[in-house]
Amino acid sequence: MKPPKPLWQLYTAATLVGAFAGLIGAGFHALLEQSTAGRALLHSFLEPWPLPGWLVVMAAGALVLVTALWLVRRFAPETAGSGVQEVEAILAGERALRWRRVLPIKFIAGTLAVGSGLVLGREGPTIHMGAALGQMASERPGLRPRDQRALIAAGAAAGLATAFNAPLAAIVFVTEELREHFEYRFATIQSVILACCASVVVSGWLLGQGPDMPMPDLGQAPLQTAPLFLILGLLIGALGVLFNRLVLGSVSTFRALGTRRAYVTTALSGMILGALLWFAPATVGGGEHLVESLLHGHPGLLFLLGLLAVRLLTTIGSYGLGLPGGIFAPMLALGTLCGAAFALVVENLAPALALEPAVFAVAAMGALFAATVRAPLTGIILVIELTDAQALALPIILTCLAATFTAEGLGGRPIYSALLGLSGQGPPRKPVRRIAVGAAVLAGFIGIEQLDVRWPGTGVAPVRPIAEETARLSSHSRPRPQIAKPLDPLPPLAPTPPTVATSMERVLAEQQPTAPGARRLALRKPQTTDDQDQTTAAGSSPGIDHGPGAAATRPGDAQPRYSIQLISFRDQQSLVRFAEQQGLIGKAQTLTKASPSQRWHAVLIGSYASREAAADALQQLPERLRRLDPMIRALGPDVELTPIAAQTVR
C-alpha cells in the first residue's frame, strides 16, 4: 500500500533538499580549498618583494574580515555564528528563516570568513544553508506545518553530512541535539535519512568518497587501559566547561561593542590574523591539517600545551567576531591536541603500555565535542566516521562518557543552548579592555609556542619518543651507520615559507607506510638497530642517497628509510607550481599517489637508510631551503617516490 500523497511530497522534497545541500556544500568546500591554496600562493608570491609581505597579508586580512562583517550586519544579522542555534530557534517557532537572504550571505560571507584563515569550521555555514534550503522547499503548498519543520531539520542534517562526509552522525545529531524541537516520527526520520543520503551522494560524486581524516587500523586498546580513557575524559570534560564559558564571554564581549568599535576591532583582528598566517600558521585555520598531523606524529609536550593555549584563544576570538563559521572543526583540533599531550604523559609514565598516541587523540577529539555540545552519541559516531577508526569504539565511548559526566557535574551548559540564552543577558563592562587583555595573553602564548622555531633546545622543541630513545641507548655500542654523502648543491632558491604545511609539520615524528592501496600513511613505528642491520644485510647500503632526477622508488628496492620533507600541499597543481618556482623540478620527489582521495602531497628531498644520514643531509641544505623548517620523514620499503616533474599531475 502506497503512503498518502503528502508523505510522497515530503520524501521527494527531502531528497531534493539533500541533493541541493550536497551541491552547495561541495561548492563551499571547494572554494575553501582554493582559498587555502590561494593563501599559500600569495605567501610564496610576496616573499621576494622588497616590501615585507606580511604587511600585505595583514592588510588583506583586515579588508576581508571587514567586508564579511559588513555583509552580515547589513543584509542578514542572523547569519552570524555557526547557525545551529538559529536552526534550534527556528524549529521552536521563535524565529523566522529568511532563506532568500541567508543562502547568499552565509555562502559569501562564510567563504570570506572561513577562507581567510579564521579558526572556524565549514560545518556551521553548511548546516544553516541546508536549513535554508529546507525552508525554501517547505513553502510549497500542500505541506503541513510539521512537515515543513521536518524539511528544515532534514536540510540541516544534510548540511552537516556534507561538511564531514558523515551521514550517520548527521542523522543522530538531529535526533540528539535538536530533540527538544524535532518531532520524532517515522516520516520525519525517514526524511532526514533521505536528505543525508542524497547530500553525501552528490558531494561524494563531486569531491570524492571516503572518511575526511582516515587513519590506519591501530587495533583495539587493551582492556587494562580503560582507566586511562576515563581520566582523559575527566580532563576533557573540565576543558569543555572552560571552553564554553570562554566562547560565551567572547560572543557577549564583541556584541557589547558599538558599530564603529565592532568594525575597528574586526579590522585589527584581520591584521592579527594576517600576521599569524605569515609567522605562525599552525595557530589559525580550521585545523584539518593540524588534526591529520597530530594523528600521525610525536610533537613535544610543551609544544602541544603551548599550541593548545594559542588555538584555544584564537578559536574563541574568531567565533566571537560574529562572522559565519562553525566550531565543530576547531573543537576537533583542540581535542586532538589534548589527546596527543595526554599520550605523551602516559608514554613517559608507563612506556610499557606501548599505546599509539593517535588512540588518545581520536578519543579526546570526540570527548571535547561531547562535553561542549552535550551530544555524546553524535560525538562518538562523528569521530568514527571521520577517522574510520571502528576498532577504537570502546575507548571513544568511555572518554565521551566521562567527559559528559564531568561537564554535567561542573555545571556546564550545552554550548548552543547557552548561545541562545545570551540575548537575555546584559552586556559586560569594559569590553574593549577585555579584548585587549585577551590579545595580550594570546601574544604571550604565541611567543612561548614559537620558541622552538627560533631557539631550538629551549624545552618547547619536540622530544624523541621514549621507545625510540631506549632503542638508541641500548644499542649505543653498535657501529654507527655510514653517513650519506652530501646532496648535490642546489641553485639559489627564492625563500618560500611553509604555508599549507604549517610549522607544526616540522615537529612531526616519523610515519610508517601502509600497503600501496591504503589511503594514508600509518603511524610511526620506531626502527630498532636490529631492523637496520637486517636492512643492510638484505643488500641496502646504510647511506642510500637517491639524488636529483632519480627514478621512482618501488617496493622491494634498496629499502630507503628516511627523506627530508620541505613542504606539503593540498593539491598536486600547487606542488608542481612550487617546485617550478623554486627550481626543484627533477631534484625533489613526492609520494606516488596511492588513491584518488589522497589529500596532502609532500615535497621530498633524497632517500636515506638512517635518520642520522637524513639529519646530516638536512644540515647541508642551503640556508634558504632550511628556512622552510623541513622535517625528517620516515619512509619504508612499501612507499613509492616519484620525481616531481611538469607531468607529475595526471
Side-chain angles (χ1 to χ4, degrees), residues 77-95 97 102 106 110 119-132 134 149 152-153 155-161 163-164 166 169-182 192 237 239-252 254-255 315-316 318-332 334-335 366-382 400 403-404 407-408 410-425:
E78 64 268 31
T79 58
S82 72
V84 176
Q85 66 271 24
E86 284 291 324
V87 175
E88 291 185 2
I90 291 163
L91 292 177
E94 299 174 1
R95 299 178 188 175
L97 179 51
V102 168
K106 200 78 174 186
V119 190
L120 297 172
R122 63 178 181 268
E123 77 290 334
T126 57
I127 290 174
H128 205 175
M129 288 187 292
R149 292 192 296 271
I152 295 174
L160 178 58
F164 291 127
I171 296 168
V172 175
F173 175 77
V174 168
T175 59
E176 188 175 31
E177 174 62 25
L178 307 179
R179 62 187 179 276
E180 296 181 2
H181 315 296
F182 179 75
V192 170
L239 177 64
V241 174
L242 175 64
F243 177 81
N244 284 4
R245 291 177 179 174
L246 290 176
V247 168
L248 294 174
S250 177
V251 172
S252 60
F254 279 96
R255 284 183 180 178
T315 299
I316 62 176
S318 297
Y319 192 81
L321 288 174
L323 299 175
I327 54 176
F328 280 19
M331 281 192 296
L332 295 176
L334 290 174
L368 186 59
F369 178 92
T372 54
V373 182
R374 209 63 56 81
L377 280 178
T378 304
I380 294 167
I381 297 173
L382 177 63
C400 290
T404 51
E408 187 75 22
L410 293 176
R413 295 179 58 198
I415 183 62
Y416 295 118
S417 299
L419 287 171
L420 273 176
L422 277 182
S423 57
Q425 300 179 6

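We number each residue from 1, following the sequence as shown.
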Roughly how far, to the nearest 0.5 Å, is the [atom2] atom of [Y] from the [atom1] atom of [X]?
X: Leu239; Y: Leu334; atom1: CG; atom2: CG; value: 7.0 Å
X: Gln85; Y: Ser417; atom1: CD; atom2: OG; value: 10.0 Å
X: Ser250; Y: Leu321; atom1: OG; atom2: CG; value: 7.0 Å

Spell out, as yes or no, whether a donor-acceptor pair under 3.5 Å connects the side chain of [X] to the backbone of [Y].
X: Thr315; Y: Pro330; value: no
X: Arg374; Y: Gly412; value: yes
X: Asn244; Y: Arg413; value: yes
X: Thr126; Y: Gly159; value: yes

Run the side chain to side chain donor-acceptor pair (under 3.5 Å) test against Ser318 and tell me which residues pass, sequence neighbours left out. none
Could you list the residues that satisfy side chain to side chain donor-acceptor pair (under 3.5 Å) with Thr378, not counting sequence neighbours?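 Partners of Thr378 under the side chain to side chain donor-acceptor pair (under 3.5 Å) test: Glu176.
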What residue among Glu78, Lys106, Glu123 forms side chain to side chain donor-acceptor pair (under 3.5 Å) with His128? Lys106
Take the angle between the ring planes of Phe328 and Tyr416 and call it parallel below 30°, perpendicular above 60°, tilted in between. tilted
To check you understand the geometry: which heavy-atom pair defines the closest contact between [X] and [Y], and what is its length?
X: Ile380; Y: Cys400; value: CG1-SG, 3.7 Å
X: Ala370; Y: Thr404; value: O-CG2, 3.5 Å
X: Gly237; Y: Ala371; value: CA-CB, 4.0 Å
X: Pro324; Y: Pro125; value: C-CG, 4.3 Å
X: Gly335; Y: Leu368; value: N-CD2, 3.5 Å
X: Val174; Y: Ala153; value: CG2-O, 3.8 Å

Taking Phe243 as the fixed residue, which of Leu246, Val247, Val241 is the one that meets the side-chain contact (heavy atoms from CB on, under 4.5 Å) rule? Val247
Apply the side-chain contact (heavy atoms from CB on, under 4.5 Å) test between Ile415 and each candidate in Val84, Leu420, Ile327; give the one that qualifies.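 The passing option is Ile327.
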Verdict with reasoning, Thr372 to Met331, per side chain to side chain contact (heavy atoms under 4.5 Å, CB included): CA-CA 9 Å; Thr372 54; Met331 281 192 296; 2.8 Å; yes
Any Phe369 side-chain heavy atom under 4.5 Å of Pro376 side chain: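 SC-SC contact between Phe369 and Pro376 ruled out.
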Kindly indicate, with the supporting measurements, whether the criterion side chain to side chain contact (heavy atoms under 4.5 Å, CB included) is fulfilled by Leu419 and Tyr319. CA-CA 12 Å; Leu419 287 171; Tyr319 192 81; 3.5 Å; yes
